[in-house]
Structures are given as structure tokens and as C-alpha cells.
Amino acid sequence: MNKIAIIGTGYVGLVTGVCFAQNEDNHVICVDKDNSKIERLKKGEPTIYENQLKYYLNKAIYSKHIEFTTNLDYAVGESDIIFIAVGTPSKLDGSVDLSYVYSVVDEIIKAQQKYEKELTVVVKSTVPPGTCEKIQDKFNDALSNYYLLTFVVSNPEFLKEGVAIDDFMNPDRIVIGSPKNCGNINTLYCYDVKPDTELLICDNTVTAELIKYASNAMLATRISFMNEIANIANLVGADITKVEKGIGLDKRIGDKFLKPGCGYGGSCFPKDVLGLIDLSKQLELPSYVIQATYESNLLQKRMISKILAKEIEYHTLYPRDMKVAIWGVSFKPNTDDIREAPALSTIDHLLWQYDFKEIAVYDPKAIPNLKKELGEKSNRITYGNNMYDILDGANFLIIHTDWDMFINADLEKVECLMNGGTIIDGRNIFINKQIEKEYNLKYKHI
Ligand code: UGA
């Protein structure tokens with residue numbers, strides 16, 4: 001039996017724990033400081049919205065392959081492999097805040113001294129290259145008098161929110177970095193690995209850590225590049241969907257992550273691009289491309305506001321007589337996560353710049369998080385029960401998230417409710433619908 005502890009029950013920790021617990025050779029203990037989270041998880045209630053999570057969580061609880069606790073000491077005592085999956089947010093200056101990781105390391109060391117056991121410690125949190133080596137030094141220093149060994153292994157995750165379970169079960173690759181025998185953690189994955197999954201073992205941790213940062217920065221750069229091409233296409237009158245297809249058909253480029261939009265968000269791309277910029281600064285290396293990706297995305301997140309401002313300038317009504325409706329707040333579909341979401345930039349701008357008659361918002365999952373984020377400002381917004389009731393009398397409909405329900409919208413109903421209004425489509429979901437020809441609506445896209 002593999003005895004595994006996972007510290008941190010955020011997206012990565014919870015999905016990793018639940019997926020490992022599907023294997024009958026594994027026993028998993030998930031640890032979190034937040035008691036309310038742990039109590040909900042014990043009852044089989046997922047603490048995040050993630051496709052299939054509830055099913056697999058309850059399956060694991062039923063088969064007794066998973067436990068939840070706030071007691072890290074107990075989890076270390078019961079386990080041989082400890083995964084660290086706590087957050088590594090950006091600090092205000094863009095550098096990476098590793099305090100949660102290091103405080104977990106300190107607690108593991110304390111428990112290890114108490115139980116006098118050897119451990120494999122796997123860092124799943126996204127950390128700047130070089131961090132695992134520092135963690136290894138910390139273990140070595142603290143445990144040398146105890147003659148105890150600890151193997152620190154880097155095992156970055158490549159899960160996309162919304163499809164994280166599927167990504168875990170069917171990964172493109174599993175990356176493991178370790179100067180030793182990779183703590184044998186590859187055997188944990190062996191059972192579930194599909195034939196086309198590549199297992200990439202690196203003989204140091206720094207390589208695996210850099211693969212993670214470079215992957216996210218590369219994808220963020222592709223998106224930003226396409227956003228800039230879309231902005232050019234709009235001005236020269238090119239069809240961006242054909243441009244996207246034409247580029248993606250080149251097998252060297254491929255067709256994934258080429259969708260232009262109102263900017264990338266989430267807890268990963270923005271943070272990891274900043275993390276790489278910070279690393280380059282520390283290394284005194286110029287990082288023009290990565291810096292440009294960062295700045296380009298900041299500008300793109302203001303694009304919707306820019307389009308709206310232009311439309312307002314030529315409108316016969318004043319903002320105080322206008323209603324703006326917003327579809328989608330989460331940074332992408334199938335999640336309630338609004339971290340760094342482009343919708344937040346737009347809403348901020350709308351509240352600060354104008355005095356609209358009404359701002360109405362609908363999102364199928366993310367409204368509770370938006371209310372929390374906006375605090376008192378939330379009173380200035382109305383929230384719909386469904387995607388259509390906020391459109392009644394709206395002069396503008398802004399689309400920030402490509403939820404399926406919006407893609408499949410009944411456009412005749414939209415036309416009827418908005419009566420000559422303008423759609424500003426931040427995800428280009430209606431770009432092929434001939435909106436202006438077939439409906440009494442104006443249409444702007446990225
Ligand atoms: C991202 C990576 O895709 C995962 O591989 C990685 O494991 C994860 O970060 C992480 O580091 O934990 P995630 O943040 O869940 O996953 O979301 P993505 O699906 O990558 O989307 C990020 C943003 O890019 C979204 O705002 C999305 O709307 C935008 N996007 C994506 C585009 O604008 N165009 C595209 O073609 C694709």
C-alpha cells in the first residue's frame with residue numbers, strides 16, 4: 001500500500017488526492033489548515049466547482065481510500081510520500097510568495113523528527129527553479145543529526161481547471177525531477193498512465209521546475225500573440241477565425257491555444273509569467289518576450305472597455321440612461337474561479353468610469369465569488385436568475401466567458417430583449433453567426 005499525504009486541498013491538492021485515491025493500492029490523507037473545508041470534504045462536498053470531482057470524491061470516501069484532516073503531524077506519521085500542493089501566489093512586486101511552502105516544510109521536518117522516519121517529499125506547487133534544491137538543503141540541515149534521509153522531488157502539475165480530473169487521468173506527460181531515484185514516485189502513476197502519456201524523468205529538480213514555468217509562459221505567449229493578431233485583423237478587415245485556422249494547420253504550430261479573446265486570466269498564467277520575469281531579473285537576464293506577454297495581456301484585458309467607450313461615444317443615449325448586461329465572470333468556462341478574470345477589469349472600469357442606469361451580470365457558477373470580491377460595490381450591480389432576464393432592455397451585452405450556454409444562446413430571444421442593442425463579444429463566440437445581417441443587433445468582437 002502506498003501511503004500518501006497531500007498538503008493543501010486547493011485545485012491541485014484536492015484533484016491529486018482524489019485521483020490517487022481511485023487506485024486501491026493507495027491510501028491518501030489530505031491535509032488543510034482550513035477546518036471548514038476539511039469538514040465539507042469529509043462529507044463528500046467538493047469545495048471547488050470541478051467537473052466529475054463530486055463523483056470521484058465520494059467514490060474514494062466510500063472505498064475508504066481517502067481521509068481528510070487538519071492535522072499535518074498525524075498525516076506525516078501515517079505516510080511515506082508527502083505531496084506539497086499549497087499556493088504560491090504573486091507578491092505585490094511580482095516575485096513568488098513561497099511562505100506557505102516553507103511553513104509546510106518546517107512542519108514536515110518537526111513531524112519527521114518526532115516519528116524518526118525517512119520520507120519522499122514531492123513538490124507539486126509551482127515554484128521558481130531552484131526552490132526544491134533549497135528545500136532539500138533545509139531537510140538535510142534539520143535532519144542530519146537524526147541520520148534521516150529525505151528525497152525532495154519535483155513533480156509539476158499540468159491540470160487545467162474545469163477539466164482537471166480528466167487531465168490527471170489522461171495526461172500528455174508526467175514530469176518528475178530528482179537527482180536520486182525520483183523517490184520511486186513514478187510507480188504511483190504507472191497504474192493509470194495511458195499508452196500515449198510520456199513519462200519524462202529529469203535528473204535534477206530545477207529542470208522539472210523550469211518545464212512548468214516555461215509551459216505556462218509559452219501558452220500565455222501564444223494567446224497574447226493571437227490577441228495582437230486579432231486586434232490587427234479587426235483594423236485591416238481580415239477574418240480572424242480563418243487566420244487562426246490557417247496558422248493552426250501548420251503542424252509545427254498546431255491548433256491549440258490560439259483563440260484570441262479579452263485576455264487570459266486564472267491563478268496560473270498571470271502568476272507564472274510574473275514569476276519568470278522575476279527570475280530573469282534575479283539572474284540579470286533581459287526577458288523581452290515574457291515581459292511583452294505580461295504587458296500585452298494587461299492591455300488586452302482593457303480591450304472590452306475600449307470597444308465599449310467607442311460605442312458609447314457615438315450613441316444617442318447618455319450612460320445614465322443605458323443598461324449594460326454581462327455574460328460570464330469566471331476566467332474561463334466550467335469553473336467558478338474569477339482570479340485575474342478579464343471580467344473584473346471591465347466591471348471595475350464600468351463602475352469607476354460611468355454612471356450607468358444599470359449593470360446586470362449573469363454567470364452560472366461564479367456570482368458568489370464575484371459578490372465576495374466586489375464587497376460593498378456589489379450593491380451597484382444587479383444579478384439575474386438566468387442568462388436572458390438580465391438582457392431585458394439592455395443596450396449592451398458584454399461576453400467575457402465562453403460557457404456553452406452562451407455559445408448555444410437563442411439569438412432571436414436576445415434580439416427581442418435587447419431591441420437594437422450591441423453585443424461586445426470578448427470570446428468571439430458568435431463571430432460566424434452573421435449577427436448584424438440576421439438580427440437587429442450590432443456586433444463587435446475581438
Ligand atoms: C493553465 C494551463 O493550461 C495548465 O496546463 C496548468 O497546469 C495550469 O495553468 C496551472 O499552472 O495550474 P488554467 O489556468 O486552468 O490552466 O486555464 P487554461 O485553460 O490554460 O486557460 C487560461 C486562460 O487562457 C483562460 O482565461 C482562457 O480563457 C485563456 N485562453 C485559453 C485563451 O484566451 N485562448 C486560448 O486559446 C486558450
Side-chain angles (χ1 to χ4, degrees), residues 8 10-16 48-51 85-90 96 124-128 155-168 170-175 208-231 240-241 243-245 247-248 253-276 293 296-297 300-301 303-304 328-346 366 399-403 406-407 425-429 445-446:
Y11 269 96
V12 175
L14 186 56
V15 169
T16 304
I48 49 170
Y49 174 73
E50 184 65 47
N51 200 15
V86 292
T88 51
S90 298
V96 184
K124 255 221 183 287
S125 302
T126 301
V127 292
N155 173 218
E157 53 83 25
F158 302 100
L159 311 176
K160 297 186 288 301
E161 286 183 25
V163 286
I165 299 265
D166 194 46
D167 277 351
F168 192 97
N170 303 292
D172 292 341
R173 81 287 213 197
I174 293 162
V175 174
E209 290 168 323
L210 188 55
I211 288 172
K212 167 69 193 188
Y213 268 87
S215 300
N216 274 0
M218 168 75 91
L219 292 169
T221 303
R222 268 172 84 103
I223 295 168
S224 292
F225 177 81
M226 284 307 289
N227 288 341
E228 292 188 3
I229 296 294
N231 298 341
I240 185 62
T241 55
V243 175
E244 184 190 323
K245 183 145 199 226
I247 300 173
I253 297 173
D255 61 356
K256 303 278 185 322
F257 275 70
L258 287 180
K259 285 235 160 333
C262 49
Y264 62 76
S267 64
C268 309
F269 287 176
K271 167 177 80 78
D272 295 345
V273 166
L274 272 179
L276 259 190
T293 297
S296 175
N297 196 54
Q300 197 65 16
K301 280 165 85 173
M303 191 50 84
I304 293 282
V329 179
S330 55
F331 80 98
K332 66 172 192 176
N334 306 317
T335 174
D336 61 353
D337 195 340
I338 61 166
R339 284 175 288 179
E340 306 282 338
L344 295 181
S345 307
T346 308
I399 302 167
H400 284 111
T401 318
D402 37 351
W403 284 95
F406 302 149
I407 295 173
D425 183 354
R427 295 291 172 191
N428 292 0
I429 62 176
H445 59 81
I446 299 290

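Sequential numbering from 1 along the given sequence is applied to the chain's residues. Hydrogens, waters and symmetry mates are skipped; everything else that's a heavy atom, side chains included, is used. Order of listing sets the numbers, starting from 1, for every ligand and every atom in it.
By the 4.5 Å heavy-atom criterion applied to side chains, N51 and N334 are not counted as neighbours.
Among protein heavy atoms, the minimum distance from atom 30 (N) of ligand 1 is reached at I223 CD1, 3.4 Å. When hydrogens are left out, the protein atom nearest atom 13 (P) of ligand 1 is K332 NZ, 3.8 Å; that is the closest non-hydrogen contact. Distance from atom 5 (O) of ligand 1 to its nearest protein heavy atom, with residue and atom name: F158 O, 3.5 Å. Atom 3 (O) of ligand 1 has as its closest protein heavy atom K160 CG, 3.5 Å. Here the protein heavy atom with the shortest distance to atom 36 (O) of ligand 1 is K259 N, 2.9 Å. Scanning all protein heavy atoms for the shortest distance to atom 1 (C) of ligand 1 gives F269 CE2, 3.5 Å. At the top of the distance list for atom 9 (O) of ligand 1, counting protein heavy atoms only, stands C268 CB, 3.2 Å. Atom 8 (C) of ligand 1 has as its closest protein heavy atom L159 O, 3.3 Å.
Side-chain atoms of T16 and E157 include no donor-acceptor pair closer than 3.5 Å. Between the side chains of Y11 and T335, at least one donor-acceptor pair of N or O atoms lies under 3.5 Å.
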Can E340 and K301 be said to form a salt bridge (charged side-chain N to carboxylate O under 4.0 Å, His left out), step by step?
-> CA-CA 10 Å; E340 306 282 338; K301 280 165 85 173; 3.6 Å; yes
Go through the steps for E161 and I48 under the test side-chain contact (heavy atoms from CB on, under 4.5 Å), then give the verdict.
-> CA-CA 10 Å; E161 286 183 25; I48 49 170; over 6 Å; no
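At least one N or O atom of K212, backbone or side chain, sits closer than 3.5 Å to an N or O atom of ligand 1. Considering both main-chain and side-chain atoms, G265 comes within under 3.5 Å of ligand 1 through a nitrogen or oxygen pair. Checked against a 3.5 angstrom limit, the closest N/O atoms of G261 and ligand 1 fall outside it. Among the atoms of Y264, none of the N or O lies under 3.5 angstrom from an N or O of ligand 1. Note: an N/O pair closer than 3.5 Å links E161 and ligand 1 by distance alone.
Other residues, nucleotides and ligands contribute only 12 or fewer heavy atoms inside 6.0 Å of the NZ atom of K259. Within a 6.0 Å sphere centred on CZ of F225, other residues, nucleotides and ligands contribute 12 heavy atoms or fewer. Residue D172 places its CG atom among 12 or fewer non-hydrogen atoms of other residues, nucleotides or ligands, all under 6.0 Å distant.
Neither the backbone nor the side chain of Y11 comes within 4.0 Å of ligand 1, counting heavy atoms alone. Residue contacts with ligand 1 for E157 involve both N, CA, C or O and side-chain atoms from C-beta outward (heavy atoms, distance under 4.0 Å). Residue contacts with ligand 1, taken as heavy atom pairs separated by less than 4.0 Å, involve L258 solely via the backbone atoms N, CA, C and O.
Atom-to-atom distance recorded for L258:CG and E244:CD is 6.0 Å, nearest 0.5 angstrom.
Evaluation of the ring-ring contact (aromatic ring centres under 6.0 Å, His included) rule for F269 yields Y264 as partners, not counting sequence neighbours.
Heavy-atom distances between K256 and ligand 1 stay at or above 4.0 Å for every pair. The closest approach between a heavy atom of T126 and any atom of ligand 1 is not below 4.0 Å. Using a 4.0 Å cutoff on heavy atoms, M226 does not count as a contact of ligand 1.
The side-chain hydrogen bond (donor to acceptor under 3.5 Å, both in side chains) analysis of residues 216-226, with sequence neighbours excluded, yields the pairs N216-D272, T221-T293.
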